[in-house]
Amino acid sequence: MKSTYFNYTFLFLIGTSLAGFSQNKPEEKKPEPAKGEITEEIEVVRPYMPVLADASKIRRSPDLNTNKPFKPNLNYSILDKRLELNSDLRQLQAQDINLLGPEILKNNYAKLGAGNLGTVLGEVYINTGSDEALQAGGFFKHINQSGKLNQQNISTQELGIFGKSIQDRITLNGELGYDRLSTYLYGFNPENTLANPDPSHQRYGTFNIKGELLKNFNDSSESDYAAKIDAYLLRNNFAAKENSYTLSGFFNKVWKDFNIGANSSIDFTATKDETYDISNNLIRINPYLKLQGKNYKLSLGINLVKEFGTESRTNLFPAVTGEFPIVPGYATIFGGYTGDVLKSTLKNFAAENPYLSQNIAIENAIEKSNVYGGIKGNAGAGFGFKAMVYFKTIEDMPLFTNSKTGFQQFDVIYDRGNSKTFGIEGELSVKASETLNLTGRLLMNDYKMGTEDEAWYKPNYRMFSNARLSLNKFTLDAELVLNGDSNGLTYDSETLERKVIVVKSYVDLSAGAEYQFKDKMGIFLRANNLFGNEYQRFLYYPNFGLNILGGLNYSF
C-alpha cells in the first residue's frame, strides 16, 4: 500500500514538470521586414455569420440585418439667462421711454370783457416761469359797474408784484400791492326819493406790503420757526387815515413726545380822522404744549394779549384744543375752549361795508370765551365734510347802524355788555368725478344781545354753494348765495327816534361758461344775479340787477 502511494506521487510530479516546460516554450521571433517595405496588421471585422452549429446557443432568432446607428453632430450654445420660478415675485424691469421735448408752459394770461350795466373787466397776470424755487410776477385787475339809481357806481382795482425764493433751509415770500375801491353813497330811501340828491363820493386806497420767512421741512429737524411782517397804509376821501405794522413769529421745538412752542406778535395801528387820533396797539403771546399720540392730539396753552396806546388793558385767555379720531382716517371729533381780543380797524369795517360816515368809533371787542366742538373727516379723496357747533361770549360786539346825520351813511356802535352767540357751521366738498366738483358752506347764528335789541345787519343764516364742470375745452360753473333775514337800525330824520326795519332774505344765483377754442385763446360768458333781484345787504342800498358779462382770455 505504501509503495503504490509513492508511485502515484512520483508520476504526478513528473507530469506537472512536463506541463510547466511546455508552457514556457520560447516565443518564436517574427522575421523583420526588409528595408523599404511597409508592414501593417489588418484586422478584418465582418458581420456576425452564425453557423448551424451555433443555433443551439441562441435562445431566440436574432436580427440578421445590422445597421450602423446614425450619430448626428450636435452644436450647443449656452444662453446667459437667469432661470426664474413663476411662483416668485420678480422686480419689474424699467422700460425705456421716448424722451419728449419740454412742455411749453403758459405762465401768463390776460382777460378782457364787457357787459350791460356799463361793466368793463380787465385782468393781466404775469409770472417768470416754471421754476418753483424762484418765482416773481405781477398782476392787475379792474372791474366797474353802474346801476340805474343816481350815482350807483362802483369800481375796484388791484395792482401788485410778488416774489418767492425756496433756499436750502428757508423759504422767502414777499408781496407789494395797491387796492382801490371807489363808490358813491347812493343810498335810496323809497319814503323820501329826494333825500339824497347829490351822493358823496367815497374812495379807499390801500398800500400794503407783506414779507414772510419760513423754515423748510426736514425729517431730522426737531425745531420749526417762521417770521412775518404785514403793513398797510389806508386813505379815504373823508380824510380818514390808518397805518398798521404787524410783526409776528412762530417757534416750535420737539422734546420727546411733546411739542413746545409759542406764537407771538406785536401790532402797531394808528387811526386818524377829523375828531380823533387813536393809537391801538397789541402784543400777543401764546405759549403752548402739544401732546400727540396714536389716537389723540391735545394742545394746552394760554393766550396773553396786552392792549396799549389810547386804551390799556391786559387779557388772559385759555387756549385748549383737542382731536380724537373715531374712525381713523375717515372721521375725527374735535373741540376747544379759547378766547381773544377782536381788534377793530377802519380797514376791516370798510371791507364789509364801504358806505361809512366820518369819525367811525374804534374800540376792540373781547371774545371772552369760544367753546366749540364737532366732527370732520372724509370718505376717500372725493368727499370731505365738517360740522361744528359753537357758543361765544363777546363783550362790546361792533354793529353797523344807519347814521343819525344821514341815512345813506353808516356808523359803528358797540353792544355794551356780554353778547352771546350760538352757532352751527357746516362744510361739504364733493368731487363726483374728474370733471365735476361741488362745494358748500352753511352758517347759522342765534344772537342774545347785552344791551341792543338785535344784532343789527347780522343775518340768522348764510349759505354758499359752488359747482364746476370741466369737459375738455368747455367749462361750466355756478354759484348760489342764500342770505337770511336781518334787522336794520335807522333813525327818523326829524325826531331821531329809532326805527327797526327788516332787511329781507335774498337768493343770488350766478352762472358762467368758458370755451377754449384755441390753444392760447378762449371766450367766456357770465351772468350774475340771474333772478334779477335788487336785494339789499344794507338798508337803502339795493344791489345791481341782472348783469351779463362776456369777453376773451388769452394765455401766453
Side-chain angles (χ1 to χ4, degrees), residues 100-147 153-166 173-183 205-210 431 433-439 464 466-481 508-530 544-556:
L100 301 177
E103 181 183 0
I104 300 177
L105 299 177
K106 305 177 185 66
N107 303 307
N108 316 312
Y109 83 88
K111 179 182 286 188
L112 182 63
N116 67 330
L117 303 180
T119 304
V120 177
L121 170 68
E123 292 185 18
V124 177
Y125 180 91
I126 300 175
N127 190 277
T128 54
S130 59
D131 185 2
E132 295 184 358
L134 183 61
Q135 289 190 355
F139 61 90
F140 172 74
K141 299 179 182 180
H142 164 82
I143 186 171
N144 68 273
Q145 290 180 310
S146 299
N153 303 328
I154 186 170
S155 67
T156 60
Q157 293 80 35
E158 297 180 31
L159 176 65
I161 57 175
F162 60 88
K164 179 180 180 180
S165 175
I166 302 178
N173 292 307
E175 182 177 341
L176 177 65
Y178 174 73
D179 300 335
R180 180 179 180 272
L181 170 64
S182 176
T183 187
T206 307
F207 288 95
N208 55 76
I209 183 172
K210 298 178 181 179
K431 186 176 182 181
S433 65
E434 293 295 330
T435 59
L436 179 60
N437 294 328
L438 303 171
T439 59
F464 310 88
N466 180 271
R468 184 177 181 87
L469 177 64
S470 300
L471 299 173
N472 197 6
K473 295 183 178 182
F474 192 72
T475 302
L476 290 172
D477 70 279
E479 182 177 344
L480 177 66
V481 177
D508 190 337
L509 177 63
S510 303
E514 183 175 344
Y515 177 67
Q516 201 77 14
F517 64 88
K518 286 189 177 181
D519 185 37
K520 295 183 178 181
M521 185 172 291
I523 58 175
F524 68 92
L525 180 67
R526 185 162 191 86
N528 298 316
N529 195 3
L530 286 172
F544 300 99
L546 176 64
N547 173 221
I548 299 177
L549 175 68
L552 300 172
N553 58 62
Y554 178 72
S555 302
F556 58 96

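Sequential numbering from 1 along the given sequence is applied to the chain's residues. From a predicted model like this one, the values you see are computed outputs, not experimental measurements.
Looking at heavy atoms from C-beta onward, Phe544 lies out of side-chain contact with Asn529 at the 4.5 angstrom threshold. Proximity of Thr119 to Asn144: side-chain heavy atoms (C-beta onward) are nowhere separated by under 4.5 Å. Between Ile143 and Glu123, the closest side-chain pair of non-hydrogen atoms is not below 4.5 Å. Residues Lys210 and Asn173 fail the side-chain proximity criterion, which asks for heavy atoms closer than 4.5 Å. Between Leu525 and Ile548, some side-chain heavy-atom pair lies under the 4.5 Å cut-off. A heavy-atom distance below 4.5 Å is found between the side chains of Ile154 and Leu181. Proximity of Leu112 to Leu552: side-chain heavy atoms (C-beta onward) are nowhere separated by under 4.5 Å.
The structure places OH of Tyr125 at 8.5 Å from CG of Asn108, a figure rounded to the nearest 0.5 Å. How far OH of Tyr554 is from NZ of Lys520: 4.5 Å, rounded to the nearest 0.5 Å. With values rounded to the nearest 0.5 angstrom, Phe556 atom CZ is found 10.5 Å from Tyr109 atom OH. Between the CG atom of Asn528 and the CD atom of Glu479 there is a distance of 8.5 Å, given to the nearest 0.5 Å. The structure places CG of Asn437 at 11.5 Å from CG of Asp477, a figure rounded to the nearest 0.5 Å. Atom OG1 in Thr156 sits 9.0 Å away from atom CG in Asp179 (nearest 0.5 Å).
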What pairs of donor and acceptor atoms, side-chain ones from residues 157-166 against any protein atom, are under 3.5 angstrom apart with sequence neighbours left out?
{"residue": "Gln157", "atom": "OE1", "partner": "Arg180", "partner atom": "NH1", "Å": "2.9"}
{"residue": "Gln157", "atom": "NE2", "partner": "His142", "partner atom": "ND1", "Å": "2.9"}

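When atom types are taken as modelled, the side chain of Asn116 and the backbone of Leu546 share a donor-acceptor pair closer than 3.5 angstrom. Of the possible donor and acceptor atoms, one in the side chain of Thr128 sits under 3.5 Å from a partner among the backbone N and O of Ala136. The backbone N or O of Met521 lies less than 3.5 Å from no partner atom in the side chain of Ser555, so there is not a single donor-acceptor pair.
Between Ala513 and Phe474, the shortest heavy-atom distance links the atoms CB-CZ, 4.3 Å. Here the closest non-hydrogen pair linking Asn127 and Asn107 is CB-O, 3.6 Å. Taking both residues in full, the closest heavy atoms of Lys431 and Glu434 are given as NZ-OE1, 3.8 Å, listed atom of the first, atom of the second, then distance. The minimum heavy-atom distance linking Ser510 with Arg526 is given by the pair CB-NH2, 3.8 Å. Of all heavy-atom pairs spanning Leu549 and Gly115, the tightest one is CD1-N, 3.8 Å. Across all non-hydrogen atoms, the minimal contact from Gln516 to Glu514 is OE1-OE2, 3.9 Å.
Note: Phe207 and Tyr178 have tilted aromatic rings, judged against thresholds of 30 and 60 degrees for the angle between ring planes.
Scored by the side chain to side chain donor-acceptor pair (under 3.5 Å) test, Thr206 finds no partners at all (sequence neighbours excluded). Partners of Ser470 under the side chain to side chain donor-acceptor pair (under 3.5 Å) rule, at least two apart in sequence or in another chain, do not exist in this structure.
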